[in-house]
*Asks:* 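Sharing a structure, written as structure tokens. Questions coming.
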Amino acid sequence: MERNSILDISMTYTFKKIEQIWQDYWRISKIYEANNIYIKEKCYVLDMFPYPSGSGLHVGHTLGYIVSDIYARFKRSEGYNVLHPIGFDSFGLPTEQFAIQTGKHPIITTETNIKRYKKQLEELGFSLDWTREIRTSDSYYYRWTQWIFLQFLNSWYDKKLKKSRYIVELTKIFEREGNWKVKAFTVSKIKKFSNKAWKRFSINKKEEILQNFRLAYRSIAFVNWCKDLGTVLANDEVKDGRSERGGYLVYQKKMIQWNMRISAFTERLLSGLNKIEWPNALKEIQHHWIGKSYGAKLFFSIITHSFCLEVFTKQPYTIFEVSFIVLATASPVIKFIVTDRYKKEVEEYMQKIKNRNERLRRSKSHIFSGIFIGLYARNPFSKKEIPIYLSDSVLSSYGTGAVLVVLNSEGKCILPHYIKSSIKKIIEKGVGYGMINYRLRDVVFSRQRYWGEPIPIYLKKNGITENKLPLLLPEIDRYFPTKIGSTPLKKAKHWSWDEIKKEVVSNNLINKKNRYLIETSTMPAWAGSSWYMLRYMKQKINESFLEAEAEAYWTNVDLYIGGSEHATGHLIYARFWHLFLKDHQWINTDEPFKKLISQGMILGNSAFISKINDTQQFLSSGLIKNIQKVQKVPIDIHLLKNDNILDIEKFKNWRKEFYKADLITENGQFFCQRVVEKMSKSKFNVINPDKICAQFGADTLRIYEMFLGPVKQDKPWIDQGINGVHHFINKLWMLFHNKGNFVIEDSDFSPSLKEYKILHSITRKIREDMYFFSFNTAISAFMITINELSAIKCRKISILEPIVILIAPFAPHIAEELWHCMGYKNSVSFNPIPIYDGKYISEKTIQVSIMFDGKFSFQMHFSSEVKEKSIIDRVLNHPKMIQFSKINTFFKVIFIPYLGVNFIVSR
RNA sequence: GUCUAGAUGGUGAAAUGGUAGACACGCAGGACUUAAAAUUCUGUCUUUACGGGUUCGAAUCCCGUUCUAGACACCA
């Protein structure tokens with residue numbers, strides 16, 4: 001056969017040229033662009049989009065992208081219209097940090113980083129549709145994120161209809177009949193008012209009431225405030241009460257924040273889990289996160305006080321044995337009830353614990369720290385006096401912020417009807433009622449950051465006119481937060497809304513009549529990522545956030561791939577927004593992701609060094625003693641010379657803050673400590689695929705990452721073993737070539753039964769493994785196949801051609817090259833995956849293992865048609881068996897079809 | 001601390017109730033070669049973290065313990 005490739009050079013496997021040629025071909029021919037042609041059956045394959053950090057795409061990202069690309073390519077071969085897009089989650093903290101450190105505008109940094117990511121993605125041969133690329137920081141995109149926020153703001157949740165509705169419908173109800181019949185999710189109980197009363201309320205009063213109903217609303221929340229950095233920190237950025245950057249003290253501070261009323265959706269988020277094909281572990285995590293529990297709310301009257309305490313308990317049946325009641329430190333009732341005698345002690349305690357954030361309290365919750373406040377409650381059943389304590393291990397956000405403690409209880413598992421009967425008694429006595437409580441709480445939506453979507457609100461009044469969106473992120477001169485702890489946007493000078501002109505105007509024009517300051521906090525990173533999977537469906541630019549007909553066709557994601565670390569964040573928020581959008585009929589599905597595979601995390605080997613608190617001194621690892629208070633500072637693994645030795649020069653130049661670092665060495669060398677944790681830019685342990693790609697090619701990297709182990713399993717990154725995969729690709733190439741010639745036979749000799757068996761076995765194996773996403777075993781099956789075909793020097797096109805189609809999703813470049821070498825002009829991508837015929841695979845003989853007490857002894861062969869009885873007869877007549885039965889008695893014989901016979905000797 | 005996973009040779013792993021270690025890497029030795037690379041051949045790893053249970057039979061199912069990773073609400 002004549003060789004028919006674009007490539008006409010030497011016949012050795014030159015992956016660099018081959019991969020370049022086919023990547024260009026795919027880009028130019030646009031074969032991976034999904035058309036909204038609504039005839040073919042669709043398949044929407046999506047990855048969790050990356051955050052474009054400065055450290056580039058790493059081998060942990062690519063693991064998931066390779067899986068989805070293999071799946072997408074396989075589905076194309078099965079005849080589906082595949083949508084396989086990607087974009088960038090390009091708002092976020094690291095870019096802002098970088099701006100603070102370098103003064104570089106986040107827009108520029110983002111652009112540079114995305115360029116690098118795109119290049120990396122292209123070099124790996126992903127069959128992505130780049131025409132649908134989105135960026136959350138792009139105003140064309142965030143215009144609609146802002147628009148969705150306004151829909152939340154202008155909605156309330158109707159408990160009767162079990163869906164969100166617009167606020168205008170609610171005010172109509174108020175005007176008609178007051179709030180007597182309204183059942184809605186609200187922050188607190190609303191006093192009853194008539195339609196007449198509603199009409200009399202002032203605008204401010206009306207708004208005050210509506211705030212209780214809105215699905216986006218303001219409330220007071222605690223934040224981690226770092227005075228020295230002048231910023232709010234994530235719990236993640238706080239280590240042992242100090243900031244991870246710089247090691248400064250962190251305080252708890254109250255701030256007014258925007259929230260989203262996810263609590264209204266708890267039941268639907270729970271029941272929806274039954275409808276989706278997600279890993280059980282992931283569903284379990286969400287289940288626990290929502291944390292529905294049945295119990296009772298109990299009222300305890302406080303002795304010598306008019307106050308009544310409300311306590312939620314999951315174990316109302318223990319009420320007789322309650323030893324004491326513990327209140328959360330943030331519980332608002334404390335200041336009303338604490339007795340004068342204990343005031344000082346309580347204040348001291350409050351002072352002591354005030355800087356512990358929630359995570360610290362949770363992690364230390366086994367160590368009880370608390371204080372008696374001088375009051376007793378009356379047990380309504382036993383009439384005993386119960387002392388009341390105060391403790392920071394009780395969380396104010398769960399239940400009523402108070403817990404009942406029963407000493408010596410054994411935490412027995414109690415039957416539900418027992419809970420019911422105890423609730424019944426409680427109701428009879430009039431001291432409480434049955435109640436369902438959820439762990440899931442409303443989610444804080446505002447961030448005191450620059451690099452996020454502006455919240456389209458101006459103060460005193462509500463949202464900015466929808467058709468004036470996007471509200472563009474304003475320019476500021478420096479990205480530092482202000483010292484008083486407000487947000488970077490406070491520095492924007494042109495950040496006020498003119499109600500009449502409906503435009504952004506200078507702050508100098510604020511008059512509080514029709515020109516107001518615009519909200520200065522921004523949205524969290526999860527906002528943009530909560531609806532991006534919908535945006536990929538559309539093709540037109542900007543008339544709506546989604547075209548109805550595109551949504552009707554693509555509906556939702558058929559396969560979503562990403563890390564399970566997103567279980568309680570992104571994956572629950574996206575489901576929440578999806579339900580909300582469905583309520584307003586913008587979309588027609590309940591769930592955004594029908595099927596989800598959680599890829600295992602790639603773990604990296606991070607490095608850190610220890611800094612003595614409140615100094616600039618760093619200790620080499622051998623010098624650290626337990627007495628010293630040190631803080632662990634993560635450092636980039638590229639700053640290490642070898643093993644654990646720090647390159648001091650590089651380190652000092654790494655960041656401004658370390659230039660003056662005082663490094664205390666051991667014999668002139670500074671040793672770091674290492675720890676294995678997930679690969680992440682924030683942990684500075686990132687390994688990029690670029691080097692491997694350059695050395696071995698994309699096909700090798702793709703197959704290597706799949707060969708590394710099961711997709712779903714976490715695994716540390718190692719690159720030994722990549723040679724073996726490269727050899728395999730070479731062997732594949734050599735199967736088609738000999739001494740520089742393409743040697744696939746022109747005239748096709750009829751393949752032997754053995755060759756058919758090889759082909760049909762691998763076809764079945766690949767189809768099965770594709771179904772279970774068992775790509776590592778698929779690769780070893782390919783290796784075995786290629787080894788077998790090489791051994792018999794198979795050059796037959798009717799055997800090799802289907803194998804090229806089968807391997808194309810895994811190693812698309814070499815497959816495309818071989819495909820064209822075989823004389824084809826089209827891409828290998830759309831050729832049907834071969835089917836297998838069981839008759840070529842079935843075995844004529846079976847191996848039967850003979851076991852004694854389950855231990856293997858020897859093996860015999862039988863024709864597959866031989867029945868159980870004659871197998872046992874013939875085994876018993878085997879010389880070894882005759883020998884054996886002379887000295888042993890068998891109690892039992894167990895026949896295991898296709899496998900063996902087990903003789904039980906002992907009892 | 002709570003929730004979710006995981007633990008198998010020197011290394012990545014396979015086997016999901018039936019011969020543990022397929023497929024690779026590494027290492028050692030040989031062939032080819034002036035040499036190296038490439039290629040190729042041969043050899044190499046004793047029991048599944050620990051303790052108990054169920055079973056004719058357990059890496060696999062159940063209970064307990066230890067260790068590791070992830071999540072815990074402002075990293076994404």
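A note on names: the letters A, B, ... follow the listed sequences, proteins ahead of strands, and every chain is numbered from 1. Hydrogens, waters and symmetry mates are skipped; everything else that's a heavy atom, side chains included, is used.
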*Asks:* Quote, to the nearest angstrom, the C1' distance that separates B:A14 from B:G51.
*Replies:* 27 Å
*Asks:* Say you pick atom P in B:G43 and the same atom in B:G6; how far apart are they, in whole Å?
*Replies:* 36 Å
*Asks:* Take atom P in B:C27 and the same atom in B:G70, then report the distance between them in whole Å.
*Replies:* 31 Å
*Asks:* Work out how far the P atom of B:A28 is from that of B:G21, and round it to whole angstrom.
*Replies:* 25 Å
*Asks:* Looking at the angle O4'-C1'-N9-C4 for a purine or O4'-C1'-N1-C2 for a pyrimidine, is B:G9 syn or anti, with syn meaning within 90° of 0?
*Replies:* syn
*Asks:* From the options B:U19, B:G18, B:A13, select the nucleotide whose nearest atom is closest to the side chain of A:Leu899.
*Replies:* B:G18
*Asks:* Taking the side chain of A:His566 as its heavy atoms from C-beta onward, which of B:U19, B:C23, B:A76 lies nearest to it?
*Replies:* B:A76
*Asks:* Tell me what A:Lys712 touches on the nucleic acid: a base, only sugar-phosphate, or nothing, going by heavy atoms under 4.0 Å.
*Replies:* nothing
*Asks:* Is the shortest side-chain N/O distance from A:Asn723 to OP1 or OP2 of B:G26 below 4.0 Å?
*Replies:* yes
*Asks:* Would you mind telling me which residue lines up with the more 5' stretch of RNA chain B, A:Ser780 or A:Lys765, judged by nearest nucleotide?
*Replies:* A:Lys765
*Asks:* Side chain of A:Met851 only, heavy atoms from C-beta on: which candidate in B:A14, B:U19, B:C74 is closest?
*Replies:* B:U19
*Asks:* On a heavy-atom basis, which atom in A:Phe903 and which in A:Ile850 lie closest, and how many Å separate them?
*Replies:* CE1-CG2, 3.7 Å
*Asks:* Under 4.0 Å, counting only non-hydrogen atoms across every strand here, what does A:Phe903 touch: a base, just sugar-phosphate, or nothing?
*Replies:* nothing
*Asks:* Looking at every strand, decide which applies to A:Gln286 at a 4.0 Å heavy-atom threshold: base, sugar-phosphate, or nothing.
*Replies:* nothing
*Asks:* So do the side chains of A:Tyr479 and A:Trp451 get within less than 4.5 Å of each other, counting heavy atoms only?
*Replies:* no
*Asks:* Taking any heavy-atom pair under 4.0 Å as a contact, classify A:Asn776: base, sugar-phosphate, or nothing.
*Replies:* sugar-phosphate
*Asks:* Look at the rings of A:His61 and A:Tyr65 and say which category their plane angle falls in: under 30° parallel, 30 to 60° tilted, over 60° perpendicular.
*Replies:* parallel
*Asks:* Please work out if A:Trp289 contacts a base, only the sugar-phosphate, or nothing of the nucleic acid, heavy-atom cut-off 4.0 Å.
*Replies:* base
*Asks:* Need one value for A:Ser849: base, sugar-phosphate or nothing, where a base atom within 4.0 Å counts as base even if backbone is also close, heavy atoms only.
*Replies:* base
*Asks:* So, the side chain of A:Lys253 versus the backbone of A:Ala221: is there a donor-acceptor pair under 3.5 Å, distance only?
*Replies:* no
*Asks:* Heavy atoms under 4.0 Å, any strand shown: does A:Pro716 hit a base, just sugar-phosphate, or nothing?
*Replies:* nothing
*Asks:* Taking the side chain of A:Arg449 as its heavy atoms from C-beta onward, which of B:U19, B:A22, B:C74 lies nearest to it?
*Replies:* B:C74
*Asks:* Would you indicate which nucleotide in B:A73, B:A24, B:A69 comes nearest to any side-chain atom of A:Arg441?
*Replies:* B:A73
*Asks:* For B:U39, does either OP1 or OP2 sit under 4.0 Å from a side-chain N or O belonging to A:His727?
*Replies:* yes
*Asks:* Tell me: CE of A:Met706 to C1' of B:A24, nearest whole Å?
*Replies:* 16 Å
*Asks:* Looking for any heavy atom pair under 4.0 Å, which part of the strands does A:Gly900 touch: base, sugar-phosphate only, or nothing?
*Replies:* nothing
*Asks:* If the C1' atom of B:C72 is compared with that of B:U47, how far apart are they to the nearest Å?
*Replies:* 39 Å
*Asks:* Could you tell me whether A:Tyr573 and A:Trp526 have their ring centroids closer than 6.0 angstrom?
*Replies:* yes
*Asks:* Parallel under 30°, tilted from 30 to 60°, perpendicular over 60°: which one fits the rings of A:His726 and A:Phe696?
*Replies:* perpendicular
*Asks:* Using the P atoms only, state how far B:C63 lies from B:U68, rounded to an integer number of Å.
*Replies:* 23 Å
*Asks:* I want to know whether A:Tyr51 and A:Phe88 have ring centres closer than 6.0 Å.
*Replies:* no
*Asks:* Can you tell me how far C1' of B:A73 sits from NE2 of A:His570, to the nearest Å?
*Replies:* 16 Å
*Asks:* Base, sugar-phosphate, or nothing for A:Arg439, non-hydrogen atoms under 4.0 angstrom?
*Replies:* base
*Asks:* Classify the ring geometry of A:Phe593 against A:Trp278: parallel below 30°, tilted from 30° to 60°, perpendicular beyond 60°.
*Replies:* tilted
*Asks:* Reckon A:Ser857 touches a base, only the sugar-phosphate, or nothing at all at heavy-atom distances under 4.0 Å?
*Replies:* nothing
*Asks:* Using the C1' atoms only, state how far B:U2 lies from B:A59, rounded to an integer number of Å.
*Replies:* 29 Å
*Asks:* Does A:Gln713 have a side-chain nitrogen or oxygen under 4.0 Å from the phosphate oxygens OP1 or OP2 of B:A13?
*Replies:* yes
*Asks:* Measure from the side-chain heavy atoms of A:Val675 and tell me the nearest of B:A24, B:A69, B:A76.
*Replies:* B:A69
*Asks:* A:Ala525 near the nucleic acid: base, sugar-phosphate alone, or nothing, with a heavy-atom cut-off under 4.0 Å?
*Replies:* sugar-phosphate
*Asks:* Of A:Lys683, A:Arg674, A:Glu677, which is the lone residue that meets side chain to side chain donor-acceptor pair (under 3.5 Å) with A:Ser606?
*Replies:* A:Glu677
*Asks:* Does OP1 or OP2 of B:A24 have a side-chain N or O of A:His726 closer than 4.0 Å?
*Replies:* no
*Asks:* So what does A:Glu677 touch, heavy atoms closer than 4.0 Å: a base, only the sugar-phosphate, or nothing?
*Replies:* sugar-phosphate
*Asks:* Can you check each nucleotide of nucleotides 53-58 of chain B against protein heavy atoms at under 4.0 Å and return B for base, S for sugar-phosphate only, - for none, in 5' to 3' order?
*Replies:* ---B--
*Asks:* When you measure from the side chain of A:Asn787, which nucleotide among B:C74, B:U4, B:A24 comes out closest?
*Replies:* B:A24
*Asks:* Tell me which of A:Leu282 and A:Glu565 sits closer to the 5' end of RNA chain B, going by the nucleotide each one is nearest to.
*Replies:* A:Leu282
*Asks:* Could you tell me whether the side chain of A:Gln252 reaches within less than 4.5 Å of the side chain of A:Trp225, counting heavy atoms only?
*Replies:* no
*Asks:* Side chains of A:Arg218 and A:Gln257: closer than 4.5 Å at any heavy-atom pair?
*Replies:* no
*Asks:* Run the ring-centre check on A:Phe684 versus A:Phe608 and record whether the distance is less than 6.0 Å.
*Replies:* no
*Asks:* Please verify the inter-ring angle class for A:Trp531 with A:Tyr141; under 30° counts as parallel, over 60° as perpendicular, anything in between as tilted.
*Replies:* parallel
*Asks:* Pick the P atom in B:A22 and in B:U16, then give their distance to the nearest Å.
*Replies:* 15 Å
*Asks:* What would the secondary structure line of RNA chain B be in dot-bracket form, counting Watson-Crick and G-U wobble pairs under 3.5 Å, with [ ] for pairs that cross earlier ones and | for pairs with another strand?
*Replies:* (((((((..(((.....[....)))((((((.......))))))....(((((..]....))))))))))))....
*Asks:* Taking any heavy-atom pair under 4.0 Å as a contact, classify A:Thr568: base, sugar-phosphate, or nothing.
*Replies:* sugar-phosphate
*Asks:* Considering only nitrogen or oxygen atoms on both sides, find all protein atoms under 3.5 Å from nucleotides 9-11 of chain B and state each distance.
*Replies:*
none

*Asks:* State whether A:Tyr398 and A:Arg441 meet the cation-pi test: NZ (Lys) or CZ (Arg) under 6.0 Å from the six-membered ring centroid, and within 45° of the perpendicular axis.
*Replies:* no
*Asks:* Counting any heavy atom closer than 4.0 Å, what does A:Val676 reach on the DNA or RNA strands: base, sugar-phosphate only, or nothing?
*Replies:* sugar-phosphate
*Asks:* Using 4.0 Å as the upper bound for N to carboxylate O, is an ion pair formed by A:Arg449 and A:Glu96?
*Replies:* no
*Asks:* Among the candidates B:U4, B:U19, B:G70, find the nucleotide nearest to the side-chain atoms of A:Gln847.
*Replies:* B:U19
*Asks:* Please check if the side chain of A:Thr136 supplies one atom and the backbone of A:Ser90 the other of a donor-acceptor pair under 3.5 Å.
*Replies:* yes
*Asks:* Closer than 4.0 Å, any side-chain N/O of A:Asn235 to the OP1 or OP2 of B:A73?
*Replies:* yes
*Asks:* Record whether the side chain of A:Glu284 comes under 3.5 Å of the base of B:C3 through a donor-acceptor pair of N or O atoms.
*Replies:* no
